[in-house]
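Below: one structure in structure tokens.
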Amino acid sequence: MGFLENLRLSLSGILSNKMRSFLTMLGIIIGISAVITITTIGNSVSSTLSNTMNKLGGTNYIYLFLEAKYPEDDEAWETWEYPEITSDDTIKEETIDALAEYLGDDYKGVLLSEYGGSGITTNTKNLENYANVEVQGLNDGFCQYLSSAVTLLKGRWITDRDVREKRNVAIVSDTFVKNYFGDESINPIGQNIEVDMNGNMLNFVIVGVYEYSNAYFGKPDTSIPEKDRYTTLWTSVSYANSINPDSETQVEGYTELQINANDGVDMTTFQANVDLFFEDYYADNQNWHTYSYNTSSEMETINMALSIVTLAITIIAGISLIVGGVGVMNIMLVSITERTKEIGIRKALGAKKGSIKGQFITEAIMLCLIGGIIGILSGIINSIVIAQVAKYLLINYYPDEMSLISLTVEPNVLAIIISVIFSMLTGVFFGYYPANKASKMNPIDALRYE
């Protein structure tokens, strides 16, 4: 008897007892559905994190910080004092240029940020119009990174020339425009403003307006009137460094960098090269050295943790497949008992053991395969439903953050393929014993069976 004939007989046997066949498949359906749901959720969370990070500028960044050299033994700790940083200790523009040359084609740019202080600016034409600001200095590289999360409504971002010439340019929020000018329709580009920082009046020229985003800056403190809330004023990083009120003796240079690598660069090697450069740069410095970490390794750690949790839960869910397989074996034994006369007639007409065995193994495989396909479809549907519920909750409870989150539902294709193969193997494994038992029946005893 050929495969097609075995297939026809197995389908006929399954359809003749639809309810029993469905209940038999139920264990396989639940097990496969659970595995697909869990692996799809794990895969989707990983993809969502990765896509969201890429939307925010990617993971090709090395964060580098200047930190003090701590004593290596207990005796030195007793007399050690935290060193005061000087301009000789910081990272200069020429050092960054040397780093770019050292890294070569792997280097894309550097992101610089410097706190410049906070203050209030009042419209001299209408004293009731004022705005509180936090001054933050940026370079052109940081602005490129920022543009993926913040919308520029008017004007331009900070340029390399602004930084080189230490320009007092300003990019303000649309909230600032409303509070300071009293009219959002006014074009503030080119307008001069003065910010009072504890009596120190600083002049800025507005070159851009950005849209204030709760997703990026966080939800505002509603206990403070909107007019009195602080918004960020971005200026050139070099100018912010020169007005930083936290430094009693104005220290030139930077204490932290965000170094951007080109796409496709191995971040472990890139970080190692950055560390080697700065180890040499600070080799003779007795008080300070640099510490670095990269977002790519953080993502790898998160993805590894997700994979381990997903695998552990998948194994637990997979136990139900064994239960389902035992159910298939049990029903196949019942089916063989019910069809004893049929087996006896076939054997009396010359059917060989292999033919009888093939018929019942095929039936067991079909039971598991159909159950597996239903389980896969059920698992994918479950994942889509869960994703929609997650999206609904995010929209309703975290509407601002949704603009930065790239929610992705990504079924695990490998898990689906493995599930199909595993369901067929389950049919072979748990169907072999009943099929073998049927093939060994004595035709005379089978014909006499009542």
Side-chain angles (χ1 to χ4, degrees), residues 57-58 60-66 85-103 107-119 133-173 176 188-195 197 200 202-210 216 231-247 249-262 274 277-278 281 290 292:
N60 295 344
Y61 293 94
I62 300 294
Y63 292 87
L64 188 95
F65 302 92
L66 197 62
I85 194 166
T86 67
S87 295
D88 293 333
D89 301 315
T90 57
I91 302 167
K92 309 295 191 305
E93 289 285 351
E94 54 268 27
T95 310
I96 296 172
D97 293 338
L99 173 67
E101 185 178 348
Y102 177 79
L103 295 173
Y107 175 86
K108 185 176 182 179
V110 65
L111 281 65
L112 298 172
S113 176
E114 190 77 27
Y115 179 66
S118 62
V133 292
E134 295 272 359
V135 178
Q136 189 75 28
L138 306 177
N139 73 331
D140 57 321
F142 205 110
C143 287
Q144 290 177 25
Y145 169 82
L146 198 63
S147 63
S148 62
V150 177
T151 302
L152 189 68
L153 300 175
K154 294 177 182 178
R156 64 173 177 83
W157 291 105
I158 293 161
T159 65
D160 180 62
R161 185 175 178 181
D162 291 331
V163 176
R164 295 286 181 184
E165 296 181 6
K166 205 179 291 186
R167 290 179 175 178
N168 57 335
V169 293
I171 300 174
V172 297
S173 68
F176 173 95
I189 304 302
Q191 299 271 13
N192 286 279
I193 58 172
E194 274 193 330
V195 178
M197 293 187 180
N200 186 20
L202 299 171
N203 185 63
F204 292 89
V205 180
I206 299 175
V207 297
V209 179
Y210 67 88
Y216 184 82
T231 60
T232 302
L233 181 155
W234 286 312
T235 187
S236 65
V237 68
S238 52
Y239 184 67
N241 186 282
S242 69
I243 64 173
N244 188 344
D246 293 337
S247 178
T249 58
Q250 292 297 328
V251 177
E252 295 183 2
Y254 307 104
T255 58
E256 59 183 72
L257 304 176
Q258 195 172 330
I259 305 161
N260 192 7
N262 278 310
V274 170
F277 175 86
F278 281 101
Y281 183 76
T290 57
S292 71

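All residue numbers refer to positions in the sequence shown, counting from 1.
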* **Reported OG1-to-OH distance for the pair T151 and Y210, which is rounded to 0.5 angstrom** => 12.0 Å
* Asked: How many angstroms lie between CD1 in I171 and SG in C143, if you round to the nearest 0.5 Å?
  -> 5.0 Å
* To do: Heavy atoms only: give me the nearest S236-K166 pair and the separation to one decimal.
  => OG-C, 4.0 Å
* Using the ring of each side chain (for Trp, its six-membered ring), is Y239 parallel, tilted or perpendicular to F204, with breaks at 30° and 60°? -> perpendicular
* To do: Evaluate the side-chain contact (heavy atoms from CB on, under 4.5 Å) criterion for residues I243 and M197: first the C-alpha distance (whole Å), next the side-chain angles of each, then the deciding distance (0.1 Å), finally the verdict.
  => CA-CA 10 Å; I243 64 173; M197 293 187 180; 4.3 Å; yes
* Structure fact -> Sorted by chain and number, sequence neighbours left out, salt bridge (Lys or Arg N to Asp or Glu O under 4.0 Å) with E134 holds for none
* Asked: When you check the side-chain N and O atoms of T86 and D89, is any donor under 3.5 Å from an acceptor?
  -> yes
* Please check if atom CD in E94 has more than 12 non-hydrogen atoms from other residues, nucleotides or ligands closer than 6.0 Å. => yes
* Measure the shortest side-chain to side-chain distance between L99 and I91 over non-hydrogen atoms and say whether it is less than 4.5 angstrom. => no
* **Spacing of CD belonging to E165 relative to CG belonging to D160, to within rounding of 0.5 Å** => 9.5 Å
* Asked: How would you list, by chain and number, every residue that makes a ring-ring contact (aromatic ring centres under 6.0 Å, His included) with Y254, sequence neighbours excluded?
  -> none
* To do: Go through the structure and list residues passing ring-ring contact (aromatic ring centres under 6.0 Å, His included) with F65, not counting sequence neighbours.
  => none
* Asked: Is it true that W234 and F142 have ring centroids separated by less than 6.0 Å?
  -> no
* Asked: Got a donor-acceptor contact below 3.5 angstrom from the N139 side chain to the V237 backbone?
  -> no
* Asked: Near R156 CZ, under 6.0 Å, is it more than 12 heavy atoms from other residues, nucleotides or ligands?
  -> yes
* Structure fact -> What one should report as the nearest heavy-atom pair of V209 and P188 is CG2-CG, 3.4 Å
* Angle class for the Y281/F278 ring planes (parallel below 30°, perpendicular above 60°, tilted otherwise)? -> perpendicular
* Enclosure of K92 NZ (heavy-atom neighbours >12, cutoff 6.0 Å) -> yes
* From CG (L146) to CG (L138), nearest 0.5 Å -> 6.5 Å
* Would a 4.5 Å heavy-atom cut-off, applied to side chains only, mark V133 and V172 as touching? -> no
* **Beyond-backbone contact of I96 with L112, side-chain heavy atoms, under 4.5 angstrom** => yes
* Asked: Do S238 and R164 touch side chain to side chain, with heavy atoms closer than 4.5 Å?
  -> no
* With a 4.0 Å cut-off, would you call R167 and D140 a salt bridge? -> no
* Nearest-0.5 Å distance that lies between atom CG in N168 and atom CG in D162 -> 9.5 Å
* **Euclidean distance, E194 CD relative to N200 CG, rounded to 0.5 Å** => 10.5 Å
* Asked: Within the side chain of T290, is there an N or O that forms a donor-acceptor pair under 3.5 Å with the backbone of L66?
  -> no
* Look at the side chain of N262 and the backbone N and O of Y107, then say whether any donor-acceptor pair between them is shorter than 3.5 Å. => yes
* Any side-chain heavy-atom pair from N260 and V110 closer than 4.5 angstrom? -> no
* Side-chain contact test, heavy atoms from C-beta onward, threshold under 4.5 Å: evaluate it for T95 versus F277 and give yes or no. => yes
